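Structure first, then comments.
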Amino acid sequence: AIPSFTNEQIQITAFKPAYDGNGFILRAFERAGKEVQTKLTVPAGYRLVGEVNLLEDAMGEITENISFAPFQIRSFRLTKSNET
C-alpha cells in the first residue's frame, strides 16, 4: 500500500527513499488551483515524521489536517514504524 490523501485535489508526484537513507519522501501538489484541507493516510508500518523542503531538510511537524494553497507543492518524510 502507498500513502494517500483524503482529497482528490492532491496528487502524489513522488514516493521515494530519502537521500540521507532515513525513511522515505512523499511529494504532492494541489492540482485544481483551489485552497484545500486534507489528511494524509499512511500505510500500516509507517509514520509521518514531518514536512521537509526540496532538499529534504526538516521544516517542522505536521498536524492531522494539512493545508495546501492553490498549486502548492509540499514534501513529507515518512519512516518505518517500530510498531508491528
Side-chain angles (χ1 to χ4, degrees):
I2 61 169
S4 63
F5 287 93
T6 56
N7 190 304
E8 293 180 359
Q9 285 175 233
I10 306 304
Q11 181 171 338
I12 294 173
T13 58
F15 184 60
K16 64 179 198 71
Y19 290 130
D20 64 7
N22 183 16
F24 300 87
I25 301 300
L26 171 73
R27 192 161 292 127
F29 80 102
E30 191 290 317
R31 63 183 180 174
K34 299 176 185 173
E35 188 170 324
V36 66
Q37 292 276 330
T38 188
K39 293 180 182 176
L40 175 62
T41 303
V42 297
Y46 290 86
R47 70 179 185 87
L48 177 62
V49 175
E51 187 168 11
V52 296
N53 63 21
L54 290 176
L55 298 175
E56 300 181 5
D57 297 323
M59 291 178 52
E61 306 257 331
I62 293 294
T63 61
E64 185 174 321
N65 291 313
I66 300 171
S67 308
F68 278 81
F71 304 112
Q72 182 180 19
I73 300 168
R74 295 185 75 175
S75 300
F76 308 94
R77 183 181 299 267
L78 283 73
T79 59
K80 288 198 175 185
S81 168
N82 294 334
E83 303 170 14
T84 53

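Nothing fancy with the numbering, it's 1 onward along the sequence. Quick caveat, the model's predicted, so the values are computed rather than measured.
Judged as a side chain to side chain contact (heavy atoms under 4.5 Å, CB included), and not counting sequence neighbours, the contacts of Glu35 are Pro70. Listed by chain and residue number, Phe15, Tyr46 satisfy the ring-ring contact (aromatic ring centres under 6.0 Å, His included) test with Phe24 (two or more places apart in sequence, or in another chain). Partners of Phe29 according to the ring-ring contact (aromatic ring centres under 6.0 Å, His included) rule, which considers only residues two or more places apart in sequence or in another chain, do not exist here.
Closest heavy-atom contact between Leu40 and Pro3: CD1-CB, 4.0 Å. The two residues Ala28 and Phe68 come nearest to each other via the heavy atoms O-CE2, 3.8 Å. Among all heavy-atom pairs drawn from Asn53 and Ser75, the shortest one is O-CB, 4.4 Å.
The line from CG of Asn65 to NZ of Lys39 is 5.0 Å long, rounded to the nearest 0.5 Å. In this structure, Arg77 CZ and Ile25 CD1 are separated by 4.5 Å, a value rounded to the nearest 0.5 Å.
Note: the hydrophobic cluster containing Met59 does not contain Val49 (ILVMFWY, side chain heavy atoms under 4.5 Å, direct or indirect links). A single hydrophobic cluster is seen to contain both Ile62 and Ile12, as judged by linkage of ILVMFWY side chains at heavy-atom distances under 4.5 Å, directly or through other members.
Within the 3.5 Å criterion, the main-chain N or O of Thr38 finds no donor-acceptor partner in the side chain of Thr6. A donor-acceptor contact shorter than 3.5 Å is absent between the side chain of Arg47 and the backbone of Val42.
Residues Gln37 and Asn7 are not in side-chain contact: their nearest non-hydrogen atoms beyond the backbone lie 4.5 Å or more apart.
Side-chain atoms of Gln9 and Glu30 include a donor-acceptor pair closer than 3.5 Å.
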